Amino acid sequence: MNFIATIPKLPLDEWVEWFVALLRGNVRWLFDGIRNGLNWVLGNIEGFLSIGHPLILLGILVVLAFVIAGWRMGVFTLLGFGYILNAGLWPEMVQTLSLVVTAEIFILAIGLPLGIWAGRNDKVHTTLRPILDFLQTLPAFVYLIPAVMFFGIGMVPGAVATLIFAIAPLIRLTSLGIRQVPKDLIEASDAFGADEVQKLFKVQLPVARTTIMAGVNQSIMLGLSMVIIAAMAGAQGLGREVLAAIQRVDVGNGFVAGLAVVILAIFLDRLTATFGEKKVTKP
Amino acid sequence: MEKIVVKNLYKIFGSRAKQARDLLEKGHSKNEIQDKTGAVIGVQNANFTINKGEIFVIMGLSGSGKSTLQRLLNRLLEPTSGTITIEGEEITKLNKKGLREARRKHFCGMVFQQFAILPHRTVLENVAFGLEIQGVSKEDRFAKAQKMIDVVGLSGNEQSFPTQLSGGMQQRVGLARALTVDADILLMDEAFSALDPLIRRDMQDELIELQSKMQKTIVFVTHDLDEALRLGDRIAIMKDGEIVQLGTAEEIIAKPANDYVKAFIQDIDRSEVFTAGSIMQDPREVAHSNDGPRTILRKMQRQGISSIFMVDSNKNFVGRIDADPLAAYLKKHSEDVAQKIPSELIEKTLPLDKETPLQEVMVKIEQVPGPLPVLDEKKHLVGVIVRGAIIAALSSHPEQDETKGEDK
């Protein structure tokens, strides 16, 4: 079996490096533009979330949880975020939340139209599917390398890696939701003479709403998990605390930072999940 | 008046449709063509006219192409070839935008087997959907929707969501949604097939009643022969994408075009389909009110009949005269026969009208000794029903029943 060793290795790694270098060399302006744009959005969101005393944001979050997800969630939010504040992790939590929110804004802006397009067009669907499979199965860490190469170190590569990693389920579920709209509902809207825009907004999107919201929820959850990993690319926030604790084998602080991530995750999950279920079953 | 004219209409599914059509014209069967080209014949060479204001039923088993044919009419499916003309406008020629306008102008949308109402909308919002699509203002469309909700008997449920309604009520929403759009043609695809038999019956009755008021042109698809016979002014029976027979219920039952149709109709309750008008015979001879007793008896003897109906000079029905009492009267009064027939010899038998169903005719004919008279709207005698005709209509070999039974 020695002959296998004599076959020259396929230089895929070199090709990828060559390609990345080519991009860096020629479309630098594009990456700079993206970085500046993302930085601007990130900065504004973080700035906005940090206005005034932390108790103001805490209050807003509690009210949101109470209104959208019920009193239990309201109590949980009060206790959970109260603890984060108490543990001194509030600024880190705000950074992580801003990163998730920023990534989610772009995920929605890109993922929803792509998902709708894929839901209504078979060619787009079959083209996107392998790409989405690829995106979802590639280990999350791998995204960090090109992200760092193109965008340097800091929050931006974290946001970009999060976006790419977490966008797949939204596209997938949006497309699925639109495909699952019963055929006779589509026929009905056609038969009444609806045009494509009316069909989309009056029939397909409302009926697919629950599935699409499940996609939004999934992308937020994946985004949050990626944001923690993004600390390895220099993103600030709770992830960095966890990473630091690992490096110092500091079990106590590691647990506290991890718990803060969990609290944030439960909060985001319950809110978006309830949002999707609501109204459809309204009596 | 012609509303929809369909000519040489074909629908073949699959990428090799043209080739499949050529094979079809050479006389190959549906299955052969499917094996050879992979193409599935949906509808082949359909030619028919749907008249304004009629209920046109397309009937067939599943896979016969009945729903396909209906969906070709508003081009939810694109025809492979052929033309569809609605009120002179060739639907098959229109581009996307023209088609959309034509759908809004000619069609009341569609009513579906599984209702196809929007789950996130209230009844009122669902019923107003068609007008919303047409850009009618909220106030106007809700007002019109409300009216139609009252018509179909859903008042009080305006703010309910579809999941809170029973199947029958959901289909009323579907029907109201279609009728709210004030167009002429209503397409109904197995609209009552998902409902319980009793509710289905109610809905059929209601549709017939609504139709008598609204006079839409209804194209109704069903696999249920009883439903087809009940609702259809004319029925097209389909098999393998082909219309094998087109005619009124009576025509189809009296003269099935082939064994397929015959097999279809063998189990139906004929007494529900036939009406007095469809089984009556011409009165061969009538007595006039100024005929004398001897003249009348002679008329009966000539025809070999035991009773005769009398009409007055305006052809209005007067009553029945039986031979036996008349003969007895003549014997008794052989010397002084009256100029006119005495009124005690005229039986006031209850007349039928043409629409009386055979079931009722059967009950009534048991109550009288002789034949029954059939009158039209003007109370003129238009026909007679004898026992033999009823038996003939009920027998399962209608094509052989040309013999006119005569009452003795």
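As the structure is a computational prediction, the values presented were derived from the model and not from experiment. By convention in this document, chain letters (A, B, ...) are assigned in the order of the sequence lines, proteins followed by strands, and residues within each chain are numbered from 1.
- Contacts between B/Ile117 and chain A at a heavy-atom distance below 4.5 Å involve the backbone alone (N, CA, C, O).
- Residue-environment remark: CZ (A/Phe66) stays at or below the threshold of 12 foreign heavy atoms within 6.0 Å.
- At a heavy-atom separation below 4.5 angstrom, chain B is approached by no residue within residues 97-106 of chain A.
- Residues passing the side-chain hydrogen bond (donor to acceptor under 3.5 Å, both in side chains) test with A/Arg120, sequence neighbours excluded: A/Glu196, A/Gln204.
- Heavy-atom minimum distance, B/Leu76 versus A/Ala191: CD2-N, 4.1 Å.
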Intermediate values then yes/no, side-chain contact (heavy atoms from CB on, under 4.5 Å), A/Lys202 and B/Ile133: CA-CA 9 Å; A/Lys202 293 185 194 295; B/Ile133 293 298; 4.1 Å; yes
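- Within a 6.0 Å radius of CH2 in A/Trp15, more than 12 heavy atoms belonging to other residues, nucleotides or ligands are found.
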side-chain contact (heavy atoms from CB on, under 4.5 Å) between B/Glu132 and A/Gln198, worked out: CA-CA 10 Å; B/Glu132 183 181 337; A/Gln198 288 174 324; over 6 Å; no
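- Closest approach of A/Pro206 to B/His120, counting heavy atoms only: CB-NE2, 3.1 Å.
- With a threshold of 4.5 angstrom between heavy atoms, B/Leu118 approaches chain A through its backbone and through its side chain.
- With a 4.5 Å cut-off on non-hydrogen atoms, A/Lys199 does not touch chain B at all.
- Taking non-hydrogen atoms and a 4.5 Å limit, the residue list of residues 167-181 of chain B in contact with chain A, ordered by number, reads B/Arg177, B/Ala178, B/Val181.
- Top candidate by heavy-atom pairs under 4.5 Å with chain A, chosen from B/Gln134, B/Gln114, B/Glu101, is B/Gln114.
- Surrounding NZ of B/Lys144 are at most 12 heavy atoms belonging to other residues, nucleotides or ligands under 6.0 Å away.
- Taking 4.5 Å as the limit, every side-chain heavy atom of B/Met110 sits out of range of all side-chain heavy atoms of A/Phe192.
- Side-chain N or O atoms of B/Arg104 include one that pairs as donor or acceptor with a backbone N or O of A/Gly193 at under 3.5 Å.
- The local environment of CD in B/Glu78 is crowded, with over 12 non-hydrogen atoms from other residues, nucleotides or ligands closer than 6.0 Å.
- When the heavy atoms of residues 166-190 of chain A are compared with those of chain B, the residues falling under 4.5 Å are A/Asp184, A/Leu185, A/Glu187, A/Ala188, A/Ser189, A/Asp190, listed by number.
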